Amino acid sequence: MAAKIDVMKQTKELLGGTMQGAYFLYGGEEYLKRAFLADVKKHVCPDEELRDFNVNVFDSLEDKEDILSAFATLPQFADRRLVILYGADLKKGGKEPVEILCTLCKEAEKYDYLTFVIYLYATQLEEGDADSKSKLAKLSRASTVVYFDFLPQEKLLKWINRHFVSEGFNISVHTATLIAERAACDMSVISNEIAKLCAYMRQNGMTELDDDTVQRVTGKKNVFEAFYVSNKILKRDSEAVLAYVTDALKKGHEPMLLLAEITSEVEKLYRIKSAMKSGMKAPEIASSIGMHEYAVKVRAQALTGITGKYLSELLSRCYLADLAVKSTGADVKGELISLITDL
């Protein structure tokens, strides 16, 4: 993975220049990636009415010749042209996709009016392994690489706070944390929830957001509750999982059901990882395992850097805990706690 850079600062600096040449966008946080690309469009083609003439979008490396043709096309009634490429899956095709991308990046440098953006989805690169590092090293020599990692909690909470303050509302750190956790720290979901909460507060004459309103307006946790647990499991944050389970037990939840829920979530993660490895896309995976496409996508993002071996071992540990309870009468609460502390 590329060296840690403050992506907010980097994107601001890039947008302050002409942005001539090639830019490679990758990383798990799709919200920030999409937001930056939207800003690039406005920056390169400020006149919205002329964007249809000066923004070209391609979905596959198979469009290489058309992409090169777009590079060579002068801007129409404007100063600059923007070419965007999606669909460059670096987990497939060996070295060839990277070679094609590097060729395109070098070609883009020849045109002083051109901005070429390669947009990579989180599932299109297996971060962390030697092969991916080699591919990124080549691309970093041919383009400007911008890595969109998930925001650390401190920055995410500040981001949530800024949104509410800009709308004239106050929010505590605790309530901001609640919003983040209920949305599994997914910025796209959080953004939608913020809009919903702000509308509710205006309608009811509120100036400060409280936990009760968050619970009421955003609804009870469902898919995000499960994802919150699995996300902490993947990060091996046993303290967070233990705190969640302890709270659930205090509220009267059956330990056997909690064990079953955790096992079910790990099963889903394992199946999604296996399907991704075989080349399946989110819609196909969702259909095959009976999940909503969005639920698959957020889990796929969290699985970046997680090996199938680790998930297989974790799933086996879940099955052993379940077997111990059902066949030997082992203490289910004890097995549950043991499973969590072994993360």
Side-chain angles (χ1 to χ4, degrees), residues 28 91 122-123 126-129 132 150 181-186 220-343:
K91 290 168 67 175
T123 55
E126 192 74 56
E127 291 185 42
D129 61 26
S132 295
F150 296 105
E181 290 181 349
R182 288 173 70 83
C185 296
D186 184 279
K220 293 183 178 180
K221 290 188 277 187
N222 38 64
V223 62
F224 301 125
E225 183 174 41
F227 181 72
Y228 169 77
V229 173
S230 67
N231 196 36
K232 296 301 182 184
I233 288 174
L234 291 177
K235 292 181 178 179
R236 304 191 184 191
D237 190 348
S238 56
E239 289 186 6
V241 180
L242 187 59
Y244 170 85
V245 169
T246 301
D247 182 63
L249 290 171
K250 287 180 180 178
K251 293 177 179 177
H253 291 268
E254 291 292 332
M256 192 66 205
L257 290 178
L258 289 172
L259 175 59
E261 288 173 4
I262 289 176
T263 301
S264 175
E265 188 61 20
V266 174
E267 284 178 338
K268 291 172 184 174
L269 292 169
Y270 179 76
R271 293 178 68 186
I272 291 170
K273 185 69 176 181
S274 299
M276 288 165 56
K277 190 173 182 180
S278 69
M280 292 175 66
K281 302 297 183 184
E284 300 172 81
I285 299 173
S287 177
S288 67
I289 65 178
M291 290 180 66
H292 191 282
E293 183 179 337
Y294 174 76
V296 170
K297 286 182 177 179
V298 293
R299 284 164 175 79
Q301 289 180 359
L303 284 166
T304 300
I306 303 298
T307 66
K309 181 181 178 182
Y310 170 69
L311 290 173
S312 178
E313 292 174 349
L314 181 58
L315 186 56
S316 295
R317 181 67 184 84
C318 290
Y319 287 154
L320 286 174
D322 183 69
L323 181 63
V325 172
K326 292 178 178 176
S327 63
T328 68
D331 173 45
V332 62
K333 184 177 179 181
E335 287 295 324
L336 184 61
I337 301 301
S338 177
L339 170 64
I340 295 169
T341 53
D342 283 346
L343 293 175

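In this text the structure is predicted, and so the values were computed from the model without any measurement.
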- prompt: If you take all heavy atoms of Ser338 and Arg317, which pair is closest and at what distance?
  reply: OG-NH2, 3.0 Å
query: With sequence neighbours left out, what residues match Lys281 under salt bridge (Lys or Arg N to Asp or Glu O under 4.0 Å)?
result: Asp89
- request: Mind running side chain to side chain contact (heavy atoms under 4.5 Å, CB included) on Leu234 and Leu311 for me, showing each step along the way?
  value: CA-CA 9 Å; Leu234 291 177; Leu311 290 173; 3.8 Å; yes
- line: Nearest heavy-atom approach of Leu336 to Pro255 is CD2-O, 4.0 Å
- prompt: CG/Leu315 to CD1/Ile262 distance, rounded to the nearest 0.5 angstrom?
  reply: 12.5 Å
- prompt: Is the backbone N or O of Ala260 less than 3.5 Å from a side-chain atom of Ser264, with the two atoms forming a donor-acceptor pair by type?
  reply: no
query: How would you list, by chain and number, every residue that makes a salt bridge (Lys or Arg N to Asp or Glu O under 4.0 Å) with Lys235, sequence neighbours excluded?
result: none
message: Counting C-beta onward and ignoring hydrogens, is there a side-chain heavy-atom pair between Leu314 and Leu269 closer than 4.5 Å?
response: no
message: Just verifying a value: how many Å separate Leu323 CG and Ser316 OG, rounded to the nearest 0.5 Å?
response: 11.5 Å
- line: Tightest non-hydrogen contact, residues Ala300 and Met276, listed as CB-SD, 3.8 Å
statement: Rounded to the nearest 0.5 Å, the CG atom of Leu303 sits from the NZ atom of Lys268 at a distance of 13.0 Å
- prompt: What is the distance from atom CZ of Arg299 to atom CD1 of Ile306, rounded to the nearest 0.5 Å?
  reply: 14.5 Å
message: If I take atom OG from residue Ser312 and atom NZ from residue Lys309, how far apart are they, to the nearest 0.5 angstrom?
response: 9.5 Å
message: Ignoring hydrogens, what is the shortest heavy-atom contact between Ala282 and Lys297? Give both atom names and the distance.
response: CB-CG, 3.7 Å
task: Of all the heavy-atom pairs spanning Met256 and Asp322, show the shortest one and how long it is.
output: CE-OD1, 3.2 Å
message: Ignoring hydrogens, what is the shortest heavy-atom contact between Ser238 and Ile340? Give both atom names and the distance.
response: CB-O, 3.3 Å
